[in-house]
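Residues: numbered from 1 along the sequence shown.
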Amino acid sequence: MTASFLGRETDLGCLDALRSRHPVHVPQVLVVSGLSGVGKTTLAIHWLHRHIGSFPDGHLHADLGAHSPADGSGPVPADAVLEAFLVALGVPSIPVGTAQRSALWRSATVDLRLAVLLDDAASAAQVRPLLSAGPSVLTVVTSRARLTELSVEGSRGYQLEGLSTDAALELLTLGGGARVGRERQAAREVVRLCGRLPLAVGLASAHLALRPHRSVSTLVRYLSQEPGAVDTLRVNGESVIRTALDMSYRLLPPDPAKLYRRMGLLPTDRYDLFMLAAIAPEDVRPASFGHRPETVARATDAAVHTLVEANLLKETGPDTYEFHTLVQSHARQLGEERADAERHDVLDRLVDWCLATAAVAEDILAPGHRLPGYDGLLHAVAPTPLNGPQEALRWLDTRRSTLMSAVRHCAREGRYAHCWRLTDVMWPLFLRFRPAELWIEAHHLGLDAARRCGARAGEGRMLTSGAIGLRAAGAYAEAAQWYQQALDMAADDGDPRLQAQAVNGLGHICLLTHRLDDAREYFETALRLREAIGYRRGAALSRRRLGETLLAAGDMPGAARCLRRALHELRSLGEDYEATRALALLGYALCRAEDHERGVRLLRQAELGFHADGAAHSEHWEGRCLEWLGAAAEARGDRAEAALLYKAARKLFRRLDLTDVGRLDEALRRL
């Protein structure tokens, strides 16, 4: 391999496979597409050179000039290319006109064994007159667009991606030398920021060669700051990557170009059709969102299809997409050049989509959580449909940074009702994944927003839900202060539901700090309040907490009675997650009461529920079940089984809570 051609053996093999599967009696057309700088031309030339002996009648190469500078020199007309090809074949008399020259080209090559490279094609229409009729003629077309229209002519497409990380590091080493090996992590970050594009990585390598005393970490700093690799990597003062992407952008029709710019403003690297339908400009979106969600999204599909066809957007799954790293940076720059009003409009519409889809996830995962009377903001746009608990959890997990960006935007721009409402419908994200910093920040912003817009119910919800986040982070004193504020507000407003929530929270803090008598009194008070107002879900949750308190106090029969009743009530309400928590606690209580057979059976059942991709899925609670099963195994003297279970729990907790890891390390040392 040459210095400019590394790590492409797999791609060469794929082209070989495409060629071998093609019928021998028809002309073969291969379209190699991909981003500017990905190495399409280099790959095509190397591949054709490998097969030079298969084409004794020669190789022809034409630059079709789709992305030549905007000076009127390109794209090259098909009749000019045909004239050059016919001259090269020795045709003595060349007619005037594209149709006549194309017909002569087809007849002149029908019996030839010829390889033709059509480089940098603008469109299928430009390529079509240049295709031969000869069954032994191989035509390779390179283009930034996929040119799917050529499939009518029997073309096969090959999408060229960036280099593997290892190959990109090897290319970086050519200029960076030993620095790349010494600063391996920084080198990997350079490769990531360059999107593993050979052109960008090659320019970074040349930059290091030119600056032999510059560290790789310093280069990372330059590339990660605005304007990033798109503008930083230059040749003779020209930002070649920016220039190339500008050319691709200028070829877009108006609607896809508008969508491209607006996508660049979104704080995410994952897109789906429903998100894009929400943020699309007025002339791309349908006039009303009163249609079915699928209809709304499909109205944007034509613009999205154009971006995919132009290789500016990559399809990653059914109706899901992502930008290449450098393309995203380019789209963001273009978006930020627009008027402030357009930028605010994009982010406001993103908030609407976040609210709508988070509400769908909440309905699936926490059906009893919704505050009544506050749904007006949830229907401004069509949500992304979520098909069951697994999709809802995956959406929340992968969108957490986007959701948090939307909360911050609302707080910053004074959309206070949207701010606290979005924080509230994100509850399943906080409860299942326990992202402590995000949980606490969102509720600080949500609490301030609820107070600013005078939403008393929202203020109470932010106080109690935010206190749970503070409690989960171990900030017990601050959590107690939030609960006390909620309790004082409930007394002022005569709100027994909020009063019960605050009292229940104070009881949990007492439980965690081993003030068991106080905890029991708080939970019994909360239970009475919730039963008095007919709040069945809340009463079941208070009863479960009361069972935990009795468990901690060593009253196993009392704990089992409370937990069995809570389990029955939560199951009857369809609260799968909360019911499975009660099931796990009941199993643990039975094991503590030395009813090991039944206790282990219930713990295993709960662990499977938390592990499965269903409504009860929770890595935190799966880890707790494994830890309790380990304790049961240790109690009956099976140290080997206990060690396996403790290690499995520790593996889960390593991603979630280092406090739990320390407790399990102690348990493993004890064995």
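Taking the ring centre of Y535 as origin, the terminal cationic atom of R497 falls inside the region bounded by 6.0 Å and 45° from the ring axis. With F433 as the aromatic partner, R400 meets the cation-pi criteria of under 6.0 angstrom to the ring centre and within 45 degrees of the ring axis.
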Review point. Should W482 and H444 be marked as a ring pair (Phe, Tyr, Trp, His ring centres under 6.0 Å) after you check the CA-CA gap, both sets of side-chain angles, and the distance that decides it?
Key: CA-CA 11 Å; W482 282 46; H444 272 291; 5.0 Å; yes

Practice item. Apply side-chain hydrogen bond (donor to acceptor under 3.5 Å, both in side chains) to D272 and T320, showing your working. Key: CA-CA 4 Å; D272 67 50; T320 59; over 6 Å; no

Practice item. Test side-chain hydrogen bond (donor to acceptor under 3.5 Å, both in side chains) on Y483 and R471 and set out the steps. Key: CA-CA 10 Å; Y483 279 130; R471 186 190 71 206; 3.1 Å; yes

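For R452 and D448, the salt-bridge test passes: some basic side-chain N is under 4.0 Å from an acidic carboxylate O. Checked for salt-bridge contact, D352 and R415 meet the test: a charged N lies under 4.0 Å from a carboxylate O.
With E569 as the fixed residue, the salt bridge (Lys or Arg N to Asp or Glu O under 4.0 Å) test singles out one of R564, R543, R544: R543.
Taking the six-membered ring wherever Trp is involved, the centroid distance between the rings of W427 and H443 does not fall below 6.0 Å.
Counted within 6.0 Å of CD on E521, heavy atoms from surrounding residues, nucleotides or ligands total 12 or fewer; the atom is thus considered open. More than 12 heavy atoms of other residues, nucleotides or ligands shown are found within 6.0 angstrom of CD on E413. Within a 6.0 Å sphere centred on CZ of R639, other residues, nucleotides and ligands contribute 12 heavy atoms or fewer. Residue R188 places its CZ atom among 12 or fewer non-hydrogen atoms of other residues, nucleotides or ligands, all under 6.0 Å distant. The environment of NE2 in H611 is sparse: at most 12 heavy-atom neighbours from other residues, nucleotides or ligands sit within 6.0 Å. Within 6.0 Å of atom CG in D517, 12 or fewer heavy atoms from other residues, nucleotides or ligands are found, so the atom counts as exposed in its surroundings. Other residues, nucleotides and ligands contribute more than 12 heavy atoms inside 6.0 Å of the CD atom of E666.
For W353 and T384, the side-chain atoms include at least one donor-acceptor pair closer than 3.5 Å. No hydrogens or angles considered: nothing links the side chains of D348 and H418 as a donor-acceptor pair under 3.5 Å. Of the N and O atoms on the side chains of R624 and S618, not one donor lies less than 3.5 Å from an acceptor on the other residue.
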